[in-house]
Amino acid sequence: MPLLVPLESRAPAAFAAALITAAAVAACGGSAGADAEGEAEYASYFDEEQVRVVVDPCALLTKEEISEQLFLSVSPSERGSWTSPEFDISANEPELGTSRLCEYRFESRYAVGGGPVWHSDFSMTVFPSNAIALAEDRREPVEGGTREMFKERGSSTVYVVKGPHAVSVTGFPGRDEDEPGGPDAGRLVLLRHIAGRLP
């Protein structure tokens, strides 16, 4: 099985794009009062004291839940040869500002030649639901999910929205095309866990 190349999260860039879009919308047309109101709302995104997300992104999934879905992402023809279905997982939350990011790194406990046969990373970002930088025409439903769960067309990034919060999961590996539920089956399981823990 080829090693997955660690993917760099695009979630912070997406959030920044949302803020830029919000600024552009506020600057286009409308009354002076509306412009001032839009600019004030845009500026408030940068006020961590007022709008910083309080949800801990690293607490939305357990390591056991992640490990289970990672193992199911291994090709069915290879799973039988693995001596352990478990993964060692570490999580780190860098300072991000208004939204909050959890960076995960994982490696299989099944090792060959002194090292894991699979290691990579993925990330999860929690941000205000009104700051999703993904146009409606770029969204696709996640098979089997609710209408609050969607993905970016042509990407492995999936989203779930609940009340004032949105969460994006970027870089989590998919399953084989012929697996039940298709490539997003494991991602869907994670989105359900996340939605269940969001306030």
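All heavy atoms count here, side chains included; hydrogens, waters and symmetry mates do not. Numbers for residues simply follow the sequence, beginning at 1.
Residues Val189 and Val161 do not share a hydrophobic cluster, defined by chaining ILVMFWY side chains whose heavy atoms lie under 4.5 Å apart. Hydrophobic cluster membership differs between Tyr110 and Leu72, with clusters built from Ile, Leu, Val, Met, Phe, Trp and Tyr side chains linked at under 4.5 angstrom.
When side chains are defined from C-beta on, Leu101 does not count as touching Pro57, because their heavy atoms never get closer than 4.5 Å. Side-chain contact between Arg109 and Asp88: present, with at least one pair of heavy atoms (C-beta onward) separated by less than 4.5 Å. Side-chain contact between Thr62 and Arg197: present, with at least one pair of heavy atoms (C-beta onward) separated by less than 4.5 Å. In this structure, the side chains of Pro173 and Leu70 come closer than 4.5 Å at one or more pairs of heavy atoms. Side-chain contact check for Leu188 versus Glu143: every heavy-atom pair is 4.5 Å or farther apart. Counting only heavy atoms from C-beta outward, the side chains of Glu177 and Pro183 approach each other to under 4.5 Å. Gln69 is listed as a side-chain neighbour of Phe172, based on a closest heavy-atom distance under 4.5 Å. You'll find the side chain of Val169 stays beyond 4.5 Å of the side chain of Arg187, heavy atoms only.
Taking OG of Ser77 as the reference point, atom CG of Asp176 lies at 7.5 Å (rounded to 0.5 Å). Atom OG of Ser73 sits about 6.5 Å away from atom CZ of Arg175, to the nearest 0.5 Å. Distance check: Glu65 CD to Leu60 CG gives 10.0 Å after rounding to the nearest 0.5 Å. Glu152 CD to Glu140 CD: the interatomic distance, rounded to the nearest 0.5 Å, is 9.5 Å. Between Ile132 atom CD1 and Ser168 atom OG the span is 9.0 Å, to the nearest 0.5 Å. Note that CD of Glu78 and CZ of Phe71 are 10.5 Å apart. Values are rounded to the nearest 0.5 Å.
Phe106 and Phe122 have tilted rings, their planes meeting at an angle from 30° to 60° on a 0 to 90° scale. Aromatic ring pairs are classed by plane angle as parallel below 30°, tilted from 30° to 60° and perpendicular above 60°; the pair Trp82 and Phe87 is tilted.
Applying the side-chain contact (heavy atoms from CB on, under 4.5 Å) test between Ile194 and each of Val126, Val55, Leu61 identifies Leu61 as the sole match.
Of all heavy-atom pairs between Arg105 and Asp121, the closest is NH1-OD2, 3.1 Å. Here the closest heavy-atom approach between residue Lys162 and residue Ala195 is recorded as NZ-O, 2.9 Å. For Pro180 against Ala185, the heavy-atom pair with the smallest separation is O-CB, 3.5 Å.
With Ser108 contributing its side chain and Pro116 its backbone, the two residues share no donor-acceptor pair below 3.5 Å. Between the side chain of Thr170 and the backbone N or O of Ser123, no donor-acceptor pair lies under 3.5 Å. A donor-acceptor pair is defined here as one N or O able to donate and one able to accept, closer than 3.5 Å; such a pair exists between the side chain of Arg138 and the backbone of Arg153. The backbone N or O of Glu93 sits nowhere less than 3.5 Å from a side-chain atom of Arg100 that would complete a donor-acceptor pair.
Residues passing the salt bridge (Lys or Arg N to Asp or Glu O under 4.0 Å) test with Glu179 are Arg79, sequence neighbours excluded.
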